[in-house]
Amino acid sequence: MRIDVYPTIQDLEKEKLSGADCVVIDVLRMTSTAVNALYSGARRIKLAGDERVARELSLSENALLGGERGGVRLPGFAFGNSPLEYTREKVKGRDIVMTTTNGARAAEAAIGAKSVRLCSFINVRAVAESLKASDHIIILCAGTHDKFSLDDCLCAGALCAYLNADEANDLAVGMRLLFEAYKDDIPLVLRQTKHYRYLESIGFTDDLAFSLRINTHSCVPMMDEDGWFS
Ligand code: MLT
């Protein structure tokens with residue numbers, strides 16, 4: 001097995017996607033939110049980087065709309081990007097269209113891979129178990145505004161630790177070592193990072209605690225041929 005970790009959408013080597021299983025990571029917060037929404041009983045989730053496309057899709061698909069800009073819920077949306085909003089009462093049996101600043105664009109960029117999964121700390125071991133037979137895994141970190149974001153890459157390191165591949169790129173090696181050194185106190189590391197501090201400053205402390213717990217969920221969202229995750 002080979003693993004390549006890419007820190008941002010711009011770093012992705014698109015031509016390698018078709019032969020690989022791709023894992024998209026946006027710990028704060030899109031992939032944590034999508035995993036929890038499906039765990040709470042949502043039927044399917046589609047991700048759109050463009051707000052207008054998301055609004056149109058939600059109408060044509062009779063889907064609930066969720067997402068953010070600047071971390072905050074968009075006008076007229078049923079949900080923001082807070083995993084805790086997507087409760088069973090609100091989402092059970094429903095399709096959801098989400099648009100977020102970085103994570104949704106990363107999910108779109110992964111289209112064309114052999115398979116596409118969503119991963120966060122909350123479901124990382126389950127994602128690893130679903131990939132044991134893969135020959136080549138591309139881990140696409142969403143990053144923040146096309147810049148490296150430690151929350152996503154540290155989660156990539158966790159996935160690498162569970163998978164123990166024969167070959168890996170340098171970012172995969174480095175992030176695995178960092179995860180192994182700090183796996184018992186992930187919040188300690190991430191509390192010092194920019195997006196964590198931003199979300200804290202706008203009041204999302206509970207989302208941070210929720211998203212940085214490890215292996216609380218066992219669902220593995222996978223993209224179907226129409227671009228829906230279930
Ligand atoms: C994103 O996709 O950029 C994020 O999930 C931002 C956020 O924390 O809401």
Side-chain angles (χ1 to χ4, degrees), residues 6-12 22-40 42 45-55 57-58 64-86 91 96-111 116-124 127 139-156 186-187 189-213 217 221 223 227 229:
Y6 295 95
T8 70
I9 302 164
Q10 297 203 322
D11 293 301
L12 175 66
C22 186
V23 178
V24 174
I25 300 182
D26 180 19
V27 170
L28 301 177
R29 293 165 290 170
M30 186 282 282
T31 51
S32 303
T33 299
V35 168
N36 197 49
L38 289 169
Y39 168 81
S40 299
I45 296 177
K46 191 173 260 195
L47 294 153
D50 186 88
E51 181 188 334
R52 188 180 50 80
V53 171
R55 286 186 189 274
L57 260 175
S58 83
L64 296 169
L65 251 185
E68 57 69 42
R69 287 297 178 270
V72 177
R73 178 196 305 208
L74 286 157
F77 276 39
F79 306 99
N81 189 25
S82 180
L84 300 167
E85 288 177 78
Y86 292 71
V91 304
I96 300 170
V97 172
M98 289 183 71
T99 179
T100 70
T101 313
N102 306 284
R105 285 192 301 119
E108 287 180 325
I111 292 171
V116 185
R117 290 165 172 76
L118 300 181
C119 178
S120 203
F121 280 114
I122 62 173
N123 71 335
V124 60
V127 172
I139 305 179
L140 176 58
C141 298
T144 304
H145 302 298
D146 298 319
K147 298 270 190 318
F148 171 94
S149 198
L150 186 56
D151 50 312
D152 300 336
C153 286
L154 192 58
C155 183
I186 291 161
V189 178
L190 294 178
R191 267 201 292 272
Q192 304 171 54
T193 61
K194 191 171 167 186
H195 194 55
Y196 183 107
R197 288 190 167 170
Y198 174 68
L199 289 173
E200 190 175 46
S201 76
I202 59 171
F204 290 116
T205 322
D206 291 346
D207 288 2
L208 295 165
F210 179 91
S211 303
L212 301 186
R213 286 192 202 115
H217 291 54
M223 191 191 275
F229 285 93

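Positions are given from 1, in the same order as the sequence printed here. Both ligands and their constituent atoms are indexed starting at 1 by order of listing. As the structure is a prediction and not an experimental result, all values here were calculated from the model. All values below were derived from every heavy atom in this structure, side-chain atoms included, with hydrogens, water molecules and symmetry-related copies excluded.
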Using the salt bridge (charged side-chain N to carboxylate O under 4.0 Å, His left out) rule, take Arg191 and Glu200 through it: C-alpha gap first, then chi angles, then the decisive distance, then the call.
-> CA-CA 9 Å; Arg191 267 201 292 272; Glu200 190 175 46; over 6 Å; no

Among all protein heavy atoms, pick the one closest to [atom] and tell me residue, atom and distance.
atom: atom 7 (C) of ligand 1; result: Asn81 ND2, 3.3 Å
atom: atom 6 (C) of ligand 1; result: Glu68 OE2, 3.5 Å
atom: atom 3 (O) of ligand 1; result: Asn102 ND2, 2.6 Å

Heavy-atom contacts with [X] under 4.0 Å: which atoms of ligand 1 show up? List them by number with element.
X: Thr100; result: 1 (C), 2 (O)
X: Met30; result: 5 (O)
X: Leu199; result: 8 (O)

In Å and rounded to the nearest 0.5 Å, what is the CG to CZ distance from Asn81 to Arg29?
->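 Atom-to-atom, Asn81:CG and Arg29:CZ are 4.5 Å apart.
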
Gap separating the CG atom of Asn123 from the SG atom of Cys155, nearest 0.5 angstrom |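 It is 7.5 Å, given to the nearest 0.5 Å.
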
Side chain, backbone, both or neither: which part of Asp26 has a heavy atom under 4.0 Å from ligand 1?
->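 It is the side chain that touches ligand 1; the backbone stays farther off.
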
Tyr86 and Thr33, any side-chain heavy atoms less than 4.5 Å apart =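 A side-chain contact under 4.5 Å exists here.
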
Could you say whether the N/O atoms of Gly103 and ligand 1 ever approach to under 3.5 Å?
->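 Among all N and O atoms of Gly103, at least one is under 3.5 Å from an N or O of ligand 1.
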
From the options Asp50, Ile9, Leu47, select the one residue that forms a side chain to side chain contact (heavy atoms under 4.5 Å, CB included) with Arg105.
->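 Testing each of Asp50, Ile9, Leu47 against Arg105, the sole residue satisfying side chain to side chain contact (heavy atoms under 4.5 Å, CB included) is Ile9.
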
Can you name the one residue among Val27, Val35, Ile25 that meets side chain to side chain contact (heavy atoms under 4.5 Å, CB included) with Phe121?
->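 Between Phe121 and the candidates, side chain to side chain contact (heavy atoms under 4.5 Å, CB included) is satisfied uniquely by Val27.
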
If we ignore angles and hydrogens, is there a donor and acceptor under 3.5 Å between the side chains of Thr8 and Asp11?
->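 A donor-acceptor contact under 3.5 Å links the two side chains.
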
Check if His195 has a non-hydrogen atom at a distance under 4.0 Å from any atom of ligand 1.
->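 Within the 4.0 Å threshold, so yes.
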
